[in-house]
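Everything on this sheet refers to the single structure shown next.
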Protein chains: 2
Amino acid sequence: MSDPSPPRKRRTAGRITLNDVARQVGVSALTVSRFFNHPERVSEELRHRIGEAVSALGYVPNLVAGSLASARSRIVGMVIPNISGPIFASTIQGFSDTLARHGHQLLLASSYFSPEQEESAVRAFLGWSPAALVVTSHFHSEGTEKLLAETDIPVVEIWDYQPERAPIQVGFLHYDAGVMAARHLLERGYRRIAFVQNSAAGDFSALDRRDGCAATLRDAGLELWSFAPSAGSAPFEAGREAMERLMQETHRPDAILFANDNLAAGGLLAAQRMGLRIPGDCAVMGFGDYAFAEMLLPSLSTIRPPSLGIGETAALRVLESLGVIATEAPVQRLNRLECQLVEREST
Amino acid sequence: MSDPSPPRKRRTAGRITLNDVARQVGVSALTVSRFFNHPERVSEELRHRIGEAVSALGYVPNLVAGSLASARSRIVGMVIPNISGPIFASTIQGFSDTLARHGHQLLLASSYFSPEQEESAVRAFLGWSPAALVVTSHFHSEGTEKLLAETDIPVVEIWDYQPERAPIQVGFLHYDAGVMAARHLLERGYRRIAFVQNSAAGDFSALDRRDGCAATLRDAGLELWSFAPSAGSAPFEAGREAMERLMQETHRPDAILFANDNLAAGGLLAAQRMGLRIPGDCAVMGFGDYAFAEMLLPSLSTIRPPSLGIGETAALRVLESLGVIATEAPVQRLNRLECQLVEREST
DNA sequence: ACCTCCAATGTCAGCGCTAACATCGCTAGT
DNA sequence: ACTAGCGATGTTAGCGCTGACATTGGAGGT
């Protein structure tokens, strides 16, 4: 046991490290580290020389090692129901871009509204010591709630807006969207207003919109006519069916508010095929402002949710919580964004 | 200098570590590590006891430390032009979902077609020692090329398909899409065919499609009529302008192939307003099969690129390269997927 | 001349985990 | 009985970086 065991062979190949750069410049590794993380604490001259050595050597900082040492990372995890749908894509885009502008990375997973998938994504993300975590809506599995409660990193819930909950929230009230739609239809002089939702989808937020609409009509002394097409059909077909059925009624509605733009598009098409004039015979309104809304004939009046804004605002709140960008006041916990009424030809 | 300096205080709070679990069970840390990474090398009994301790303590493995130690991670980086557009969203979705099914995470950034932004994303990603990297198309900055060439992790290029390049590629030939469109129009009996592209966008792939179309017409003894609306206008407006201008020609075309569905939708709308019958007076075809294509009136014939398939296939190739899933043969380097002709009413 | 103070830089000890190697106990072959 | 061989587990030494603290040297005050 006298002589020390011979040095083991290195495991990693010739990766260029901080030390290589430091040696080249003739400073300590820590100074090079500062060059990346606190450049203002390095003298101008060294800053210059280190910068040159870095690009000469093609050094790429090992963020994994840095995160381990500092117990911090510039990764932010986001779990969202789906990526490719018309709804969330721009939220992701806004979030990702805003993060990137401030040197943070996005770790993304989709849950398809499954609390289990959400939990497994959150668990995996937590292993990366992310700087923050963003989840969609306030409905989580018990396990997720526990994980989120125990962590001390900032957590942001998006899309939903539930004032009584603890974490930072960025979203809007679907109820308000319903009110907005109802007011618009009333202003235009419509009185016999129907609400069409696809009963198949467990879309609870649509119910909030319907309630907002119904309440507004009630204040005006009117009653909302609720209609759900037969379960199980695709939104487009369901919208068509709804339009056909409603138009056969003796006291048919003079305006239909569809739960989303897909339904509305189906309705619009059915109306065309039936030879109805829109909005003359019946006004049509949707929700979502999907890309095609302005391309329909007639173009579709709808409510545009603040998708992009939610992504951007969520990123800002995250960055503020992390102290990456300044806030005068403490980080705003509740962030209620507004939907936007998009008036087009169909109303 | 006689006595050793007193132990420094710990920097991290009471995070639960592998050692905590190991102590609780009465084994070494390494055995717990094996429990997570090579469960088959741990005896059944220990597997059981460790599993219980893990959930009792609520232990979440620190992937950062693990990656540093093993110089490997289960993160895959993807750089894509944009997230929210109609084109790439489902590629991301397919990629992310396939990765997730095999326990890998997606690190995502968008480049907006800017080689500089792409390079900075690639650089940041490389700092995370990702398991693999996916970039869009073969056009990169010099710096990116260098970074990709020097790394030894698998690199996959998607969307474009350039047989002579080195990395794994998953994509399709835009030229073929043009051929496919031309054949369809010829079969339908159209002879005076125009191609409309938005000159504003530096959309080189559209040129490939045009070339494929032109070649096919030439084989049939016909010539493609190329038209570019005035620069700088939005696709929708540009499509409208193209339709109006082309229809004023004395020998007007009997079919128009638009460079994408947005242009085509504008064209369709203009035709409606001009009182033209589609496809009677003029057939209209697009490219992309955006969500609205089937909701237009008439519904739009178009070419559907294999967006989802590209994402899924890219993920499979990545996982194969990593040895996560089996391949009999060596990983296929060139993966040419097919577009799909979507015949609807407009032709 | 002396001291204080601050900015610039360095030393040292880990962060939590895993690769490589060592060891232990047992089965099986001779 | 003896040992080769194997599966299960332990020991050691980092992975590349950064936090806390130490040190240095010069500006500025008295």
Side-chain angles (χ1 to χ4, degrees), chain A residues 1 3-23 25-50 54 57 59-74 126-129, chain B residues 1 3-23 25-50 54 57 59-74 126-129:
Chain A
M1 296 303 259
D3 56 22
S5 54
R8 308 278 175 83
K9 65 182 157 199
R10 305 214 128 198
R11 280 179 245 154
T12 50
R15 173 165 197 157
I16 294 160
T17 73
L18 254 199
N19 272 308
D20 297 329
V21 179
R23 205 171 312 122
V25 181
V27 294
S28 76
L30 187 43
T31 305
V32 181
S33 165
R34 285 199 187 99
F35 169 81
F36 285 103
N37 301 312
H38 309 279
E40 75 284 358
R41 291 192 211 158
V42 177
S43 66
E44 175 115 22
E45 191 225 334
L46 277 183
R47 213 146 55 199
H48 191 75
R49 282 169 50 204
I50 294 175
V54 164
L57 292 172
Y59 169 67
V60 177
N62 185 330
L63 302 178
V64 178
S67 301
L68 178 59
S70 65
R72 274 185 281 102
S73 79
R74 286 164 180 259
L126 282 175
W128 286 101
S129 318
Chain B
M1 296 308 257
D3 56 21
S5 54
R8 306 280 175 84
K9 65 183 156 199
R10 306 212 127 199
R11 283 180 241 152
T12 51
R15 171 164 197 159
I16 295 160
T17 73
L18 255 198
N19 271 307
D20 297 328
V21 179
R23 205 172 311 123
V25 181
V27 294
S28 76
L30 187 43
T31 305
V32 182
S33 165
R34 287 202 186 96
F35 170 82
F36 285 103
N37 301 313
H38 310 280
E40 75 284 359
R41 292 192 210 159
V42 176
S43 66
E44 174 114 22
E45 191 225 335
L46 276 183
R47 215 148 51 197
H48 191 76
R49 282 168 51 204
I50 293 174
V54 164
L57 292 173
Y59 169 67
V60 177
N62 185 332
L63 302 177
V64 178
S67 301
L68 178 59
S70 65
R72 275 186 281 102
S73 79
R74 287 166 177 257
L126 282 175
W128 286 102
S129 319

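Residue numbers begin at 1 in each chain, while the letters A, B, ... track the order of the sequences.
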First locate atom [atom1] of [X], then atom [atom2] of [Y], and finally report the distance between them rounded to the nearest 0.5 Å.
X	Y	atom1	atom2	value
Ser33(B)	Arg41(B)	OG	CZ	10.0 Å
Ile16(A)	Asn62(A)	CD1	CG	12.5 Å
Arg47(A)	Glu40(A)	CZ	CD	8.0 Å

Look at the side-chain N and O atoms of [X] and state whether any lies under 4.0 Å from the OP1 or OP2 oxygen of [N].
X	N	value
Thr17(B)	dG16(C)	no
Asn19(B)	dC17(C)	no
Asn37(B)	dT18(C)	yes
Ser33(A)	dC17(D)	no

Round to the nearest Å and state the distance from [X] atom [atom1] to [N] atom [atom2].
X	N	atom1	atom2	value
Leu18(A)	dC15(D)	CG	P	13 Å
Arg23(A)	dG10(C)	CZ	P	14 Å
Trp128(B)	dC15(D)	CH2	C1'	15 Å
Asn62(B)	dT18(C)	CG	P	9 Å
Leu63(B)	dG16(C)	CG	P	14 Å
His38(B)	dA20(C)	NE2	P	10 Å
Leu68(B)	dT18(C)	CG	P	11 Å
Asp20(A)	dC15(D)	CG	P	12 Å

Nucleotides 5-9 of chain D: which of its N/O atoms have a protein N/O under 3.5 Å away?
from   : atom 1 : to       : atom 2 : distance (Å)
dT9(D) : OP1    : Ser43(B) : OG     : 3.1
dT9(D) : OP2    : Ser43(B) : N      : 3.0
dT9(D) : OP2    : Ser43(B) : OG     : 3.4

Next on the checklist: Please pick, from dG10(C), dG16(D), dA20(C), the nucleotide with the shortest atom-to-atom distance to any side-chain atom of Leu30(B).
Outcome noted: dA20(C)

Checklist entry - With respect to the side chain of Ala69(A), which nucleotide from dC15(D), dA19(C), dC17(D) is positioned closest? => result dC17(D)

Checklist entry - Can you check whether Trp128(A) reaches Ser67(A) side chain to side chain, under 4.5 Å on heavy atoms? => result no

Next on the checklist: If you compare all heavy atoms of Val42(A) against all heavy atoms of Leu46(A), which two are closest, and at what distance to 0.1 Å?
Outcome noted: CG1-CB, 3.6 Å

Next on the checklist: Using a 4.0 Å heavy-atom cut-off, does Arg72(A) contact any base of the nucleic acid, only the sugar-phosphate backbone, or nothing at all?
Outcome noted: sugar-phosphate

Next on the checklist: Once you apply a heavy-atom cut-off of 4.0 Å, does Tyr59(B) come out as touching a base, just sugar-phosphate, or nothing?
Outcome noted: sugar-phosphate

Checklist entry - Where do Phe36(B) and Ile50(B) land on the side-chain contact (heavy atoms from CB on, under 4.5 Å) test, with the steps shown first? => result CA-CA 10 Å; Phe36(B) 285 103; Ile50(B) 293 174; 5.6 Å; no

Next on the checklist: Assess the residue pair Val32(A) and Val27(A) against the criterion (side-chain contact (heavy atoms from CB on, under 4.5 Å)); give the C-alpha distance rounded to whole Å, side-chain angles, the decisive distance to 0.1 Å, and a yes or no.
Outcome noted: CA-CA 8 Å; Val32(A) 181; Val27(A) 294; 4.0 Å; yes

